[in-house]
Asks: 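Take a look at this one; I'll ask things after.
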Protein chains: 2
Amino acid sequence: MSEKWLRTGQVAEAAGVNAQTLRYYHRRGLLQEPQRSNGGHRLYPPETVIALRVIKVAQRLGFTLDEVADLIETIGHRHGRPNSGLQARATAKLAEVEQKIADLQLIRQTLVQAVDAGCDDLVACAASPCCPLPFSDLAGGGHRVDVG
Amino acid sequence: MSEKWLRTGQVAEAAGVNAQTLRYYHRRGLLQEPQRSNGGHRLYPPETVIALRVIKVAQRLGFTLDEVADLIETIGHRHGRPNSGLQARATAKLAEVEQKIADLQLIRQTLVQAVDAGCDDLVACAASPCCPLPFSDLAGGGHRVDVG
DNA sequence: TTGCATCTCGTACCTAGGTACAGGCTTACC
DNA sequence: GGTAAGCCTGTACCTAGGTACGAGATGCAA
């Protein structure tokens with residue numbers, strides 16, 4: 001590997017992240033602290049850009065930063081050897097994603113029904129037995145789903 | 001309406017929310033401040049329980065508290081008259097939910113591919129041209145989806 | 001050597017939707 | 001009237017993933 005060191009801003013730009021985010025990732029244990037110049041400025045090896053891409057891809061797949069940190073640590077420990085645990089974790093994440101999709105599809109259904117039924121006054125709907133909105137199954141601890 | 005006043009704890013329990021949440025909703029403009037006893041304790045009309053159910057249903061449908069507050073204000077202004085805007089907002093929310101489902105389905109696809117391809121080392125994958133993980137389309141501002 | 005861009009650190013702030021705590025007052029019941 | 005439960009306020013804290021700011025040091029080119 002050619003030792004062409006990069007400064008914080010260069011790494012950030014190359015990876016498409018904010019420079020502050022790099023420090024944040026160091027704090028979170030997602031990136032190792034790199035070498036420093038004599039004056040204390042960080043000097044990154046070019047591989048750091050790859051590391052950031054890996055993090056971003058994992059996030060896109062629905063992993064939290066804690067999960068990504070954990071994954072990276074495991075990879076660090078067994079680099080080059082099989083079974084980093086990625087398979088198992090991806091499978092578990094897949095189940096989570098599928099659950100989330102199912103939740104959203106239920107919400108979608110309900111919205112469609114509300115639109116089809118012409119619901120226009122939530123207070124009246126809450127009192128009406130024929131409104132499709134799920135006012136009645138609230139008491140029994142409905143779980144929330146974030147939609148964005 | 002029969003004036004059987006309820007105290008904070010009674011409303012909270014009847015609606016299945018934390019008592020602190022009531023205060024929070026007051027602050028957020030989701031609930032009007034009710035009457036007070038001489039000693040300063042809040043005295044709610046029974047309708048407040050319905051109002052809370054309405055809020056919770058709207059949340060379940062994917063509306064943020066800001067959106068719910070807005071919806072409630074509109075309803076307050078045009079109560080009993082048609083066109084509260086709920087139809088339009090539900091339709092817009094439906095589009096959001098559908099977008100979210102589509103995003104998650106893409107993520108699901110990618111996870112399935114990663115599992116099928118036996119991906120086990122993210123760093124190696126990032127360097128490989130045949131890995132299904134989307135390392136290459138990162139530069140162009142990928143949007144994040146929360147999976148939870 | 002000057003001057004400006006970049007970087008350092010610590011700390012605070014942001015969204016969203018709440019929850020918790022402390023110290024003191026009120027209400028309800030016996 | 002005593003006592004315990006409930007409620008009041010203000011303020012701080014929580015998760016998750018960052019972003020912003022200020023003061024001061026460094027790096028680099030002319």
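Naming convention: chains lettered A, B, ... in sequence-line order (proteins, then strands); numbering from 1 in each chain.
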Asks: Classify the side chain of B/Arg28 versus the base of C/dG18 as yes if they form a donor-acceptor pair under 3.5 Å and no if they do not.
Replies: no
Asks: Quick one: B/Arg27 CZ to C/dA20 C1', roughly how many Å, whole number?
Replies: 12 Å
Asks: Atom pairs under 3.5 Å, N or O on each side, protein against nucleotides 27-30 of chain D: can you list them with distances?
Replies:
residue, atom, partner, partner atom, Å
D/dG27, OP1, A/Ser37, OG, 2.7
D/dG27, OP1, A/Gly39, N, 3.4

Asks: Report the distance from atom CD of B/Gln10 to atom P of D/dC7, rounded to the nearest whole Å.
Replies: 7 Å
Asks: Tell me whether B/Gln87 contacts the main-chain N or O of A/Cys119 through its side chain, where contact means a donor paired with an acceptor under 3.5 Å.
Replies: yes
Asks: Mind checking B/Arg23 for me? I need base, sugar-phosphate or nothing, with any heavy atom below 4.0 Å counting as a touch.
Replies: base
Asks: Heavy-atom count check: over 12 atoms from other residues, nucleotides or ligands less than 6.0 Å from B/Gln105 CD?
Replies: yes
Asks: Whether A/Arg89 and A/Glu67 form a salt bridge (side-chain N of Lys/Arg under 4.0 Å from carboxylate O of Asp/Glu) is what I want to check.
Replies: no
Asks: Over all heavy atoms of both residues, which pair between A/Ala14 and A/Val49 is shortest? Give the atoms and the distance, please.
Replies: CB-CG2, 3.9 Å
Asks: Any chance you could measure A/Thr74, atom OG1, to A/Asp70, atom CG, to the nearest 0.5 Å?
Replies: 5.0 Å
Asks: Tell me: CH2 of A/Trp5 to P of D/dT26, nearest whole Å?
Replies: 21 Å
Asks: When the nearest nucleotide of DNA chain C is assigned to B/Asp66 and to A/Gly9 on a heavy-atom basis, which residue is associated with the more 5' position?
Replies: A/Gly9
Asks: When rounded to the nearest 0.5 angstrom, what is the spacing between OH in A/Tyr24 and CG in A/Asn18?
Replies: 12.5 Å
